[in-house]
Amino acid sequence: MSIVMPQRPRCAFASDNAAGAHPAVIEALVRVNAGHALAYGDDDETRVCEQRFRELFGRDVITLLTFNGTGANVAALASLVRPAESIICADWAHINVDETGAPERIVGAKLLDLPTPDGKLVPAQIADQTHALGDQHHAQPGVVSITQSTELGTAYSPDEVAAICETAHRFGMRVHMDGARIANAVAAFGGTIDVLRSMTIDAGVDVITFGGTKNGILGGEALIFLAPELGERSRFIRKSVTQLPSKMRFIAAQFNALLDNNLWVDLATHSNAMARLLYEQTDAIQGVEHSGAPLVNSVFPSLPPSAIQPLRDWCFFWDWDASRGQVRWMTAWDTTEDDVARFAAGVARILATCN
């Protein structure tokens, strides 16, 4: 039986990576495209960007612009890890499941991926790994890496980050935050600059990968050493792991547009709100099983297996746990209420034929 579907949403729900760049970012790229500027960061646009991040964090931080998130994470970890050290992370950490082994291959450090039902490490897990300290037969735990927000749609509160940093530092470890979606986490806890600082620099995070690609820019990430003394050789490491952009002004201009008037928070706040709206509009549909309301911009419902492929053929999204019919729907800065309404109508239409 043929199903007559409503009009497909303009924006699908596969990933915030699928969204385009915000118009302000495109305008900034056009602006800096005129004329010449010296390469490798010796330009006014990059200097402005560096100052903007100093103002954002309220400290004299070191900012290094990179091409992408994996490269930024690798450069960060390579700057923090000493020989024969390991990196503690959650089993669901992006560096563990979605970077094709890059941290281990390029940095040469063992990842200690610990089980986390919600994607978040807890201090006790870090303390448990210190049994290896001083034992020459074991890689020495040297760095803790946390993902904010996590791959499971959760986020660390400022107090949780502070507790992790306190434990790590007490045992001589450094803390890296993979903030590919830091904006969504900040928005989830209030969306203010104080929130950002409370869950990063004030909490004790040493280095953060500050994401932009998933939040309205064309491409690029910022690697920020909140503890500047740890970034003394970072410029050389960035180059050695192939993350030094020659025409850096183009990445800097994008971040300058994102940081202007807190656009980065506004976009993430909207993205989170659209995920909550998607949850609300599909929660009552028979056959959709939600585990709870989303905190950030991802929803993980379970659907009848027979409904998943027809729905995906109509409007694409990814599987999450195929063994129990769980999928992932993600919203982005450009998702609209109309997109959500159309998608929810399509879900209802297809599931009505499967029940």
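- Using a 30° and 60° split on the angle between ring planes, Phe57 and Phe53 fall in the parallel class, below 30°.
- Taking hydrophobic clusters as Ile, Leu, Val, Met, Phe, Trp and Tyr residues chained together by side-chain heavy-atom distances below 4.5 Å, Ile164 does not share a cluster with Leu80.
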Steps toward side chain to side chain donor-acceptor pair (under 3.5 Å) verdict (Asp321, Ser323): CA-CA 5 Å; Asp321 184 350; Ser323 67; 2.5 Å; yes
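- Ion pairing between a basic and an acidic side chain is recognised when a charged N comes within 4.0 Å of a carboxylate O; Arg8 and Asp313 show no such pairing.
- With hydrogens and angles ignored, the 3.5 Å screen pairs a side-chain donor or acceptor of Ser198 with a backbone N or O of Val195.
- Across all their heavy atoms, Glu221 and Ala72 have their closest contact at CB-CB, 4.2 Å.
- At distances below 3.5 Å, at least one donor-acceptor pair connects side-chain atoms of Lys120 with backbone N or O atoms of Ala155.
- Each of Phe343, Phe316, Trp329 was evaluated against Phe13; a single residue qualifies, Phe343, per the ring pair (Phe, Tyr, Trp, His ring centres under 6.0 Å) test.
- Leu311 places a side-chain heavy atom less than 4.5 Å from the side chain of Phe317.
- Under the 4.5 Å side-chain heavy-atom criterion for ILVMFWY residues, no single connected hydrophobic cluster contains both Ile237 and Phe67.
- Remark: Arg47 does not engage Asp43 in a salt bridge, criterion side-chain N to carboxylate O under 4.0 Å.
- Salt bridge annotation for Asp319-Arg328: absent, with no cationic side-chain nitrogen under 4.0 angstrom from a carboxylate oxygen.
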Side chain to side chain donor-acceptor pair (under 3.5 Å), that's the test. Do Gln129 and Gln125 meet it? Break it down for me. CA-CA 7 Å; Gln129 297 303 310; Gln125 290 178 296; over 6 Å; no
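- Judged purely by distance below 3.5 Å, without hydrogens or angles, the side chains of Thr282 and His290 pair a donor atom with an acceptor atom.
- No donor-acceptor contact under 3.5 angstrom links the side chains of Glu151 and His94, judged on distance only.
- Between the side chains of His22 and Asn215, no donor-acceptor pair is found at a separation under 3.5 Å.
- Between Arg170 and Glu166 a salt bridge is recorded (basic side-chain N to carboxylate O distance below 4.0 Å).
- For Asp118 and Thr154, the side-chain atoms include no donor-acceptor pair closer than 3.5 Å.
- The pair Lys110-Glu104 does not meet the salt-bridge criterion, since no charged nitrogen lies less than 4.0 angstrom from a carboxylate oxygen.
- The side-chain hydrogen bond (donor to acceptor under 3.5 Å, both in side chains) with Asn297 is formed by just one residue from the set Thr269, Thr335, Asp16; it is Asp16.
- Glu85 pairs by the side-chain hydrogen bond (donor to acceptor under 3.5 Å, both in side chains) definition with Arg82, Arg174, not counting sequence neighbours.
- Tracing side-chain contacts under 4.5 Å through hydrophobic residues (I, L, V, M, F, W, Y), one never reaches Leu111 starting from Trp92; they form parts of separate clusters.
- For the residue pair Asn256 and Cys49, the shortest heavy atom distance occurs at OD1-CA, 3.1 Å.
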